[in-house]
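All chains are named by letter (A, B, ...) in the order of the sequence lines, taking the proteins before the strands, and each is independently numbered beginning at 1. Please read these numbers as outputs of a predicted model, since none were measured by experiment.
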Amino acid sequence: MPGSIRLDTLRTLDIDLGGPVNLEATLECGQAFRWRKVAIPGRRDVAASYLGVMPLLPASGRRGTRQIAAIVGQTDKVTDRLTVAYDAGSHGCASPGAVQEAILRYFSAGDDLPAIERDIAGADPVMAATAPPAHGLRILRQDPWECLASYVLSINNNIPNIGKIVEHLARYLGEPVGFGESGFPSPELVACQENGFLRESKCGFRDRYLKDATEKVVSGEVDLAALGDMPTEQARERLMRIRGVGPKVADCVLLFAYHRLDVFPVDVWIARAMSRFYLDGRPVTPKVAREEGARRFGALAGYAQEYLFCHIRSGLAG
DNA sequence: AAACAGGTGCTAA
DNA sequence: TTAGCACCTGTT
């Protein structure tokens with residue numbers, strides 16, 4: 001539950017994404033680590049709502065806090081509209097317009113989901129079967145630094161534990177962003193911590209990877225803003241200069257933060273799924289699975305990958 | 001108790 | 001290029 005909510009500065013918005021969204025599929029498919037389901041007492045019309053922290057686009061001409069806590073809800077499993085509650089008191093510049101813009105960007109309102117879903121479902125019988133559980137799943141546009149750090153922490157780790165580490169970093173280093181939540185700390189802030197801090201955060205052997213990421217981002221050796229203007233392959237090569245960033249982590253950052261929808265991140269689950277559904281059960285290397293995904297799904301490989309993941313994790317794969 | 005978890009770096013062929 | 005192995009920590 002939210003730690004503390006100030007009613008005098010609570011604001012709510014009703015936002016039309018212009019296309020379908022399914023919060024459960026979008027926020028629990030594993031692409032982001034900070035959203036948790038919350039119950040809204042006395043609101044039976046709200047089918048699902050989630051509390052989390054997301055990037056807030058800076059108001060034009062001002063420097064401001066870059067993140068905001070929000071409770072995002074919808075009235076049915078899949079809707080075009082979202083209700084968004086936030087604490088306007090925590091951000092001098094969090095105008096309703098700024099929050100709306102941030103939501104539209106974060107949930108990729110520009111993606112033509114009906115067309116994407118139609119194309120993928122029409123690709124083959126396997127993808128047709130993945131469509132129902134994934135209906136309304138949207139690939140988010142996460143903050144690049146938070147996404148990079150989170151996926152470095154995901155190496156040989158499980159999802160609940162990744163979330164715990166991320167929450168620890170935010171709680172101890174991040175700034176208040178409303179609802180008692182904290183923003184994800186900047187690379188500069190993480191970089192200047194004592195060695196003991198990362199040990200307390202329980203990130204284990206990943207501490208040196210996270211440290212290398214902070215150093216290369218702070219120094220500009222890996223310029224996260226510049227990656228947005230680079231061709232995908234070049235950005236991938238640049239990300240992989242960081243120790244602890246291999247093909248899988250790099251692809252997740254490219255897909256979930258830079259919205260490169262043609263990348264096809266391959267983890268053990270996806271490798272198994274590709275083997276089973278498309279390669280006759282033969283064991284496949286990540287490299288082969290990745291090429292096969294790109295070959296079959298092309299510009300929409302990222303969405304196809306999420307549908308596959310959603311499908312096999314939903315228990316409906318048989 | 002032992003194995004495993006949304007991989008990666010290192011080493012050896 | 002690729003296969004084999006260790007790795008913090010928490011959970012089952």
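- What separates CZ of A:R206 from C1' of C:dA6 is a distance of 13 Å, to the nearest Å.
- The separation between A:K164 atom NZ and C:dT11 atom P is 4 Å, rounded to whole Å.
- Residue A:K202 is in sugar-phosphate contact alone, with no base atom involved, counting any heavy-atom pair closer than 4.0 Å across all strands shown.
- Annotation: side chain of A:I242 is in contact with side chain of A:K216 (closest heavy-atom distance under 4.5 Å).
- Taking only distance into account, the side chain of A:N156 meets the base of C:dC8 through a donor-acceptor pair shorter than 3.5 Å.
- When heavy atoms are screened at a 4.0 angstrom cut-off, A:R272 is found touching the sugar-phosphate backbone but no base atom.
- As rounded to whole Å, 11 Å separates atom P of C:dC8 from atom CZ of A:R199.
- Toward the 5' end of DNA chain B, the nearer of the two residues A:V245 and A:E28, judged by each one's closest nucleotide, is A:E28.
- For A:W269 and B:dG6, the ring-to-base geometry does not satisfy the stacking test (centroid distance below 5.5 Å, interplanar angle below 30°).
- Within 4.0 Å (heavy atoms only), A:R243 reaches sugar-phosphate atoms of the nucleic acid but no base atom.
- Rounded to an integer number of Å, the gap from CG of A:N158 to P of C:dG10 is 10 Å.
- At a threshold of 4.0 angstrom between heavy atoms, the contacts of A:F309 include nucleobase atoms, whether or not backbone atoms are also involved.
- In this structure, the CD1 atom of A:I155 is 6 Å from the C1' atom of B:dT8, given to the nearest Å.
- Of all nucleotides present, none satisfies the Watson-Crick or G-U wobble test against C:dC8 with each distance under 3.5 Å.
- Ion pair A:R208/A:D212 not flagged as a salt bridge, since none of the NZ, NE, NH1 or NH2 atoms sits closer than 4.0 Å to an Asp/Glu carboxylate oxygen.
- What separates CD of A:E200 from C1' of C:dC8 is a distance of 15 Å, to the nearest Å.
- C:dT11 sits 24 Å from B:dT8 when the P atoms are compared, rounded to a whole Å.
- Under a hydrophobic-cluster definition in which Ile, Leu, Val, Met, Phe, Trp and Tyr are linked whenever side-chain heavy atoms come within less than 4.5 Å, directly or via other members, A:Y209 and A:F197 are assigned to the same cluster.
- The residue A:G244 sits close only to the backbone: its heavy atoms come under 4.0 Å of sugar-phosphate atoms, none of a base.
- With A:D76 contributing its side chain and A:T79 its backbone, the two residues share no donor-acceptor pair below 3.5 Å.
- At a threshold of 4.0 angstrom between heavy atoms, the contacts of A:L153 with the nucleic acid are absent.
- Nucleotide B:dC10 holds its P atom 7 Å from the OH atom of A:Y209, rounded to whole Å.
- Contact between the side-chain N/O atoms of A:K287 and the OP1/OP2 oxygens of C:dA3 is not found at any separation under 4.0 Å.
- Taking the side chain as every heavy atom from C-beta outward, A:D262 and A:F297 never approach each other to under 4.5 Å.
- Here B:dA5 presents its P atom at 12 Å from CD1 of A:I159, a figure rounded to the nearest Å.
- Across all strands, A:P160 comes closer than 4.0 Å to no nucleic acid atom at all (heavy-atom distances).
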What's the verdict on side chain to side chain donor-acceptor pair (under 3.5 Å) for A:D111 and A:Y303, showing C-alpha distance, side-chain angles and the deciding distance?
CA-CA 11 Å; A:D111 287 1; A:Y303 267 100; 2.7 Å; yes
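- Of the C1' atoms belonging to B:dC4 and C:dA6, the separation is 14 Å, rounded to the nearest Å.
- The separation of B:dG6 from C:dG4, taken at their P atoms, amounts to 22 Å, rounded to a whole angstrom.
- The P atoms of B:dG9 and C:dG10 are separated by 23 Å, rounded to the nearest whole Å.
- Base-pair partner of B:dT11: C:dA3 (Watson-Crick or G-U wobble, both distances under 3.5 Å).
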